[in-house]
Amino acid sequence: MTAGAPLPPEPSKAAFDAQLTRRIFRYLRPYLALVVGAVLLSLAFSGIQPLFGLIQRYAIDHALTPFVTGVTADREPLLRTLTVAALTYMGLKVLEFAVQYGSILTIGYLGQNVLRDIRADVFTKLQRLHLAYFDQNPVGRLITRVTSDVDAINQFLTGGLVSLIQSAFLIVAYAVIMLSVDWRLGLVSFSVLPMMYLASNYFRRHLREAFRNNRFQQAVVNSKLNENITGMTTVQLFGRERRMALDFDHANRALLTANENSVKWFSLFMPVMAVLGQVGIALVLYFAATRLLNQDAAGVAATTGVTVGTLVAFIGWTTNLFQPIQDLADVFNNLQAAMASSERIFEVLDTEEKIQDKPGAATLEPFEGRVTFDGVWFAYDQAVTASTPDTDDRWILRGIDLDIQPGESVALVGATGAGKTSVTALVSRFYDVQRGAVRVDGHDVRDLAQHDLRRHVGVVLQDVFLFAGTIESNLTLNNPAISHERVVEACQYVGVHDYIVSLPEGYQTEVRERGATLSTGQKQLLAFARALIQNPDILLVLDEATANVDTETELRIQQALLRVMKGRTSIIIAHRLSTIEHCDRIVVMRKGRIVEQGSHRALLEKGGYYARLHRLQYAQGNAAD
Amino acid sequence: MDSLRTLWPYLRLHRRQYLIGLVAVVIANSLNLLPWYFIRLTIDGVTGQTDADPATAGITGAQVLLYALGIVAASATAGFFMLVMRRMIVIASRQTEYEVRRDIFSHLQTLDKPYYDRARTGDIMNRLTGDLGAVREMLGFGAWQIVNIVSGFATAFAVMFSLSWQLTLIVMALLPLIVGLLTYMARQINKRHTAVQEQNSLIAAKAQENFSGARVVKGYAIEDREIEDYRAMNLELLRRNIALIKVDGPLRSVMNLLLGLAFGVILLVGGRLILNGDGTFTVGMFTQFVGTLERLAFPMLMVGWITGITQRGLSSWRRLRELFEARPLVRDERGRVNPNIQTLRGDVEFDHVTLRYGERTVLEDVSLRVPAGTFLGVTGPTGSGKTVLGQLLTRSMDPTSGVVRVDGHDVRTIPLRTLRDHISVVPQEPFLFSDSIANNIGFGMGNRDLPEVPTGVSVVGAPPPPDIPPNPDMERVREAARLAGLAGDVEDFPQGYDTVLGERGVTLSGGQRQRTAIARAIVRDPAILVLDDSLSAVDTETERRILDGLREVARGRTVILIGHRISTLRHADQIVVLDGGRLVEQGTHDDLVAAGGHYAELERLQRLASDLDADDEPIRDAEVAADALEHQPIPQEAVK
């Protein structure tokens with residue numbers, strides 16, 4: 001329970017991966033016009049920026065200094081020059097603003113569109129992936145893919161690439177103009193740039209490390225807080241407050257130290273950069289001014305050597321040059337962070353879709369609803385293949401043979417882990433079997449179009465999964481083809497209509513917090529209504545005996561279930577005795593095998609596993625009274 | 001303002017740091033204007049403005065060198081003061097953040113169960129992360145920026161005014177326009193940023209829902225509709241982001257444009273002043289004026305932000321104060337508690353105890369005595385108030401009326417620490433910590449002599465928190481694990497007793513969790529042991545074994561066992577049946593069976609069930625029934 005846990009290692013520095021970059025670039029292709037526009041605009045912006053120094057220089061040298069130094073006393077032409085310079089300056093500022101705004105909008109529009117495309121691609125891909133993928137990957141991780149990882153790519157494009165291009169253009173533009181105006185002064189002002197780049201790079205490296213440590217310590221503090229708040233009663237009952245407070249204080253101090261450390265780096269970083277910048281200005285001032293003085297002494301004409309205007313312009317240019325240099329120092333860090341994220345995103349996009357439609361997969365029309373299991377062996381573990389020995393523990397289903405007629409209702413009964421749920425999952429083809437075949441209307445499900453198959457197969461889970469939206473949209477699952485009348489009819493049929501219309505907005509009532517406000521019974525009835533409205537030919541039901549339901553609701557659920565089952569092939573994982581009894585056939589499963597099957601009566605007479613089970617439950621029947 | 005007053009105790013702890021830091025800001029701001037002064041002197045020197053003859057230079061090369069060095073020296077000194085400012089103010093704000101977090105944590109430890117029943121963990125967490133961060137930003141960045149703005153404006157205007165009052169007036173006329181526009185933009189950015197955040201969380205929620213509902217989405221083949229939905233939300237996010245970029249993107253360019261236009265005007269007017277020829281305004285002064293004005297760009301930008309930072313900080317501080325102001329109902333009341341009560345033998349008495357939660361009556365006039373060292377069995381239907389008996393005993397809450405006594409003392413007069421040290425509770429769903437098994441079992445051991453974390457004091461100069469002595473006495477931990485029937489399981493874990501539980505470690509089964517909780521309870525050697533349905537997730541066989549172990553421990557202790565299994569209840573010295581908060585039956589097993597009430601019926605049903613060689617308990621569920629049959633041989637002929 002010590003707080004100073006070691007920092008997790010930094011993600012591998014894949015530096016600059018050309019292949020990944022090409023893939024990201026592929027997202028830019030639909031917006032080629034925008035890309036070209038963005039490049040041209042930043043080129044234009046870079047071209048305009050250094051001009052302001054030229055105008056200042058012109059104004060000082062041609063409108064102000066000649067008068068001040070007594071070269072001319074005629075103010076009229078000077079004033080005219082001054083006005084022209086000032087107006088040009090302002091006009092150019094407006095143009096610069098327009099270009100810059102245009103460039104920001106273009107880049108923003110471009111970046112946001114690419115983001116949207118990537119997000120949509122990842123989401124769409126996840127819709128196509130097999131169910132097992134969702135079993136293996138925690139939801140939190142998948143959400144990170146469509147949120148922060150996508151944002152990191154945005155950083156790559158806007159923070160990385162754009163600032164790389166922009167900074168490069170600006171540096172070139174300033175360098176060209178400074179060298180062409182006065183190459184010696186130009187070199188003087190460039191002299192601090194390498195220092196600046198190195199210092200910036202050095203500090204940012206340390207800052208990044210410090211920030212990473214901050215985040216880590218913050219996560220430690222947060223998880224301790226969360227645990228303590230949740231388990232506070234336990235802490236109090238066992239008198240552990242002081243130990244917990246001490247333990248928390250260690251973590252809290254470690255966070256403070258980490259924070260102080262990054263403040264220390266930051267407090268060095270900013271002044272050092274500022275001082276370096278001023279050193280550059282001081283150098284320019286010194287060299288320009290001494291040359292001016294020497295020129296005066298030597299009587300060199302002001303037009304060919306350094307002028308006051310040149311001095312002022314160079315001070316401005318030198319200051320403006322610092323920003324792109326610092327940006328450049330950070331570009332590669334941004335790129336690196338984006339690489340890791342894009343790698344993860346492409347990993348999702350490249351995931352093999354384990355369950356795919358065969359080319360020309362069939363759709364069944366008409367659909368009868370016969371379900372056949374033909375020597376089915378199945379394991380969730382992908383490493384298990386047809387040749388894995390029968391004795392392997394990983395087999396979940398071990399040679400299931402089952403033939404269910406259209407319209408027949410079958411109850412699956414058995415202990416936890418007997419394989420009941422797997423049987424229903426295979427009918428929907430959520431997984432593929434290793435041996436044997438699952439057939440619907442005589443066709444191997446692997447030869448059918450998944451979507452079409454699942455449209456005919458309805459699943460009723462014990463805990464109805466409610467989406468954000470209205471009650472009605474949850475029943476129709478947003479299918480616009482389903483009429484309101486049909487929804488009402490179905491709800492009346494299962495007996496949940498009265499409840500729904502008693503809600504303030506009836507069928508249009510928003511479902512909150514995944515139906516937290518609905519009772520267990522109401523949720524089950526909604527699940528049945530949903531199944532009825534979707535009108536599947538084959539119905540798979542997970543029917544849990546619910547402890548928190550009163551007798552009346554229990555009866556209502558029972559009735560609704562029987563009504564929904566009527567006229568469809570139904571496979572029910574049954575928990576309630578009464579449900580089981582009403583099914584045409586009962587299949588008793590044990591450890592992946594079918595041990596008994598037959599009608600309720602037949603199985604009772606047989607006096608096997610089911611008969612014993614029934615006696616156990618029967619005892620309960622009395623206890624409930 | 002009231003919020004600021006309550007913040008004062010924390011600010012006071014670092015007032016020296018804040019004060020030094022703020023003075024440093026003012027000094028740095030003034031020093032930062034010096035380079036432009038040196039530039040002006042140089043320019044005016046080389047243009048001959050500093051002596052009588054404008055045709056000759058007024059300065060020497062040595063002076064130029066001096067000015068150049070002056071620039072470096074001024075900026076280095078300013079840089080030093082900026083460094084001091086950050087190390088004072090920003091670090092002080094981090095320290096305040098630490099202190100508030102530390103104190104709230106300590107305060108949270110005093111709040112009682114009724115508080116935690118009402119509060120949501122997520123809400124408390126949000127306050128301790130987001131809100132605390134907003135307060136810190138207000139204290140650190142906010143305080144610095146306010147002073148920076150004020151002193152920045154003051155020094156810059158003083159300099160500008162000394163250079164040219166005409167130009168300064170022009171700037172003053174333009175200033176409200178610039179600040180107004182920037183403030184408006186800042187507000188728009190805030191608003192649009194919130195809109196983007198909202199849409200972002202909608203999208204995340206949609207993704208969360210879709211991924212966790214994958215079974216339904218695929219089951220009903222509604223992927224395409226989901227993709228359509230997602231597309232629409234995605235498009236809306238794009239729209240909102242672009243709306244944000246429209247105001248957020250050009251913030252700097254607007255600033256740049258406004259300053260550029262101001263420069264144009266200053267060039268026009270200032271140029272004329274120079275050309276006046278009276279020598280009161282020079283090219284150097286013009287350059288200094290413009291340079292000084294540019295230094296105002298950042299403070300002007302900040303004016304718009306600072307109100308937002310302050311407002312957020314103050315309302316966040318109010319939310320944090322709500323945590324501080326929460327008061328526990330259960331606590332050691334001065335004047336009532338008798339600190340001399342140090343040990344308890346375990347004689348328990350409920351004297352006409354009634355407990356109400358709002359409208360609901362949980363216990364109604366329950367009177368009951370459990371002599372020290374005896375075994376009480378409690379049973380009754382769900383919601384009959386069984387669990388509450390244990391909670392009243394440990395003072396997780398206090399009764400509405402009536403008195404709970406231990407050893408004849410009203411529990412409210414016993415120091416909480418003493419009371420809880422002598423009682424161990426095993427709840428039905430125990431909460432274990434993500435720590436090693438050893439530490440989880442030794443949870444209640446060796447906590448007595450630890451120092452308290454001081455609150456309300458500055459962290460500056462405070463000694464580092466003492467090392468925490470490792471708590472469990474491994475001998476006792478092992479023994480408790482053995483008695484609780486957990487030892488065998490632990491030995492199978494990769495790191496034995498050092499195996500970490502929870503997210504970062506192994507996940508225990510329900511039965512293992514319960515047995516860990518039992519070990520955790522008995523290792524403390526309590527005078528009173530409360531077992532609240534704490535064997536519901538273990539099978540009958542294991543339960544019997546554990547109870548045999550407990551019988552060893554139970555000798556000389558008061559045991560209160562809440563449960564349904566007659567096989568365990570029957571050994572109790574006394575059994576009570578609760579129903580709807582009332583005590584409806586009371587007596588020994590034989591008494592109650594003879595009385596033919598609720599208990600007798602329970603006994604009859606369980607006897608029937610055990611005749612079927614199944615579990616003692618009635619089974620509501622076919623799967624559970626099948627699970628119970630799992631370990632029994634199936635007649636061969638029944639297998640296909």
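Numbered from 1 within each chain, the chains take letters A, B, ... in sequence-line order.
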Can you list the steps and then say if Arg420(B) with Phe238(A) is a side chain to side chain contact (heavy atoms under 4.5 Å, CB included)? CA-CA 7 Å; Arg420(B) 289 176 181 167; Phe238(A) 284 85; over 6 Å; no
Expected output: side-chain Glu241(A) to main-chain Ser106(B) donor-acceptor under 3.5 Å: no
Tell me whether Arg242(A) contacts the main-chain N or O of Val453(B) through its side chain, where contact means a donor paired with an acceptor under 3.5 Å. no
Quick check on Phe430(A) against chain B: is it the side chain, the backbone, both or neither that has a heavy atom closer than 4.5 Å? side chain
Would the distance check show the side chain of His250(A) and the main-chain N or O of Pro464(B) forming a donor-acceptor pair, the cut-off being under 3.5 Å? no
Does any heavy atom of chain A fall under 4.5 Å from the side chain of Arg520(B), the backbone, both, or neither of them? both
Show your working on side chain to side chain contact (heavy atoms under 4.5 Å, CB included) between Arg530(A) and Val216(B) and close with a plain yes or no. CA-CA 11 Å; Arg530(A) 181 193 272 172; Val216(B) 181; 3.7 Å; yes
With distance as the sole criterion, is a donor-acceptor pair present between the side chains of Arg101(B) and Asn252(A) under 3.5 Å? yes
Is there side-chain contact between Arg272(B) and Thr83(A), with at least one heavy-atom pair below 4.5 Å? yes
Check Gly108(A) against Ile245(B) and note the closest heavy-atom contact, atom names and distance. CA-CD1, 3.6 Å
According to the interplanar angle, ranging from 0 to 90°, do the rings of Tyr89(A) and Phe263(B) count as parallel (below 30°), tilted (30 to 60°) or perpendicular (above 60°)? tilted
Distance under 6.0 Å and angle within 45° of the ring axis: does Arg240(A) meet both against Phe443(B)? yes
Mark yes or no for whether Gln112(A), through its side chain, and Asn241(B), through its backbone, hold a donor-acceptor pair below 3.5 Å. no
In terms of heavy-atom pairs under 4.5 Å with chain A, which of Leu65(B), Thr394(B), Ile124(B) leads? Leu65(B)
Heaviest contributor of heavy-atom pairs below 4.5 Å to chain A, chosen from Phe38(B), Tyr116(B), Tyr67(B), is Tyr116(B)
Would you say the side chains of Asn210(B) and Gln127(A) form a donor-acceptor pair under 3.5 Å? yes
Leu285(A) side, atom CG; Ile43(B) side, atom CD1 - distance, nearest 0.5 Å: 7.5 Å
Scored by heavy-atom pairs under 4.5 Å with chain A, the best of Gln109(B), Glu223(B), Gln95(B) is Gln109(B)
Within this structure, what is the CG-CE distance for the pair Leu268(B) and Met90(A), rounded to the nearest 0.5 Å? 6.5 Å
Any chance you could measure Phe433(B), atom CZ, to Glu227(A), atom CD, to the nearest 0.5 Å? 5.5 Å
Aromatic Tyr220(B) / basic Arg454(A) pairing, under 6.0 angstrom, 45° off normal: no
Determine, stepwise, if the pair Arg86(B) / Met270(A) fulfils side chain to side chain contact (heavy atoms under 4.5 Å, CB included). CA-CA 10 Å; Arg86(B) 281 205 172 81; Met270(A) 299 305 275; 3.6 Å; yes
Rounded to the nearest 0.5 Å, how far apart are CG of Asp249(A) and CZ of Phe105(B)? 9.5 Å
When only pairs under 4.5 Å are counted, which of Lys206(B), Glu97(B), Glu226(B) shares the most heavy-atom pairs with chain A? Glu226(B)
If you tally heavy-atom pairs under 4.5 Å between each of Asn32(B), Asn200(B), Val459(B), Thr60(B) and chain A, the highest tally belongs to Val459(B)
My understanding is that only residues two or more places apart in sequence, or in another chain, count here; which of them pass ring pair (Phe, Tyr, Trp, His ring centres under 6.0 Å) with Tyr101(A)? Phe97(A)
Counting heavy-atom pairs under 4.5 Å with chain B, the top scorer among Ile60(A), Asn113(A), Leu283(A) is Asn113(A)
Within a reach of under 6.0 Å around CZ of Phe431(B), are more than 12 heavy atoms found that belong to other residues, nucleotides or ligands? yes
Lys218(B) side chain vs Leu129(A) backbone, donor-acceptor pair below 3.5 Å: yes
Using a cut-off of under 4.5 Å on heavy-atom pairs, state which of Thr290(A), Thr233(A), Leu453(A), Thr234(A) scores highest against chain B. Thr234(A)
So does Arg116(A) get a backbone contact from the side chain of Asn234(B), meaning a donor-acceptor N/O pair under 3.5 Å? yes
Hey, which of Asn259(A), Val275(A), Leu92(A) has the most heavy atom pairs under 4.5 Å with chain B? Asn259(A)
Who among Ala74(B), Gly61(B), Ala207(B), Ala214(B) has the most heavy-atom pairs with chain A under 4.5 Å? Ala214(B)
Step through the shown structure and confirm whether more than 12 heavy atoms of other residues, nucleotides or ligands are within 6.0 Å of CZ on Arg225(B). yes
Before you tell me yes or no, could you show the steps for Arg231(B) and Thr124(A) under side chain to side chain contact (heavy atoms under 4.5 Å, CB included), namely the whole-Å CA-CA distance, both residues' side-chain angles and the distance that decides it to 0.1 Å? CA-CA 10 Å; Arg231(B) 253 180 220 290; Thr124(A) 308; 4.3 Å; yes
Under the 3.5 angstrom rule, does the side chain of Arg243(A) hit a backbone N or O of Gly444(B) as a donor-acceptor pair? no
Could you tell me whether Phe287(A) atom CZ has more than 12 heavy atoms of other residues or ligands within 6.0 Å of it? no
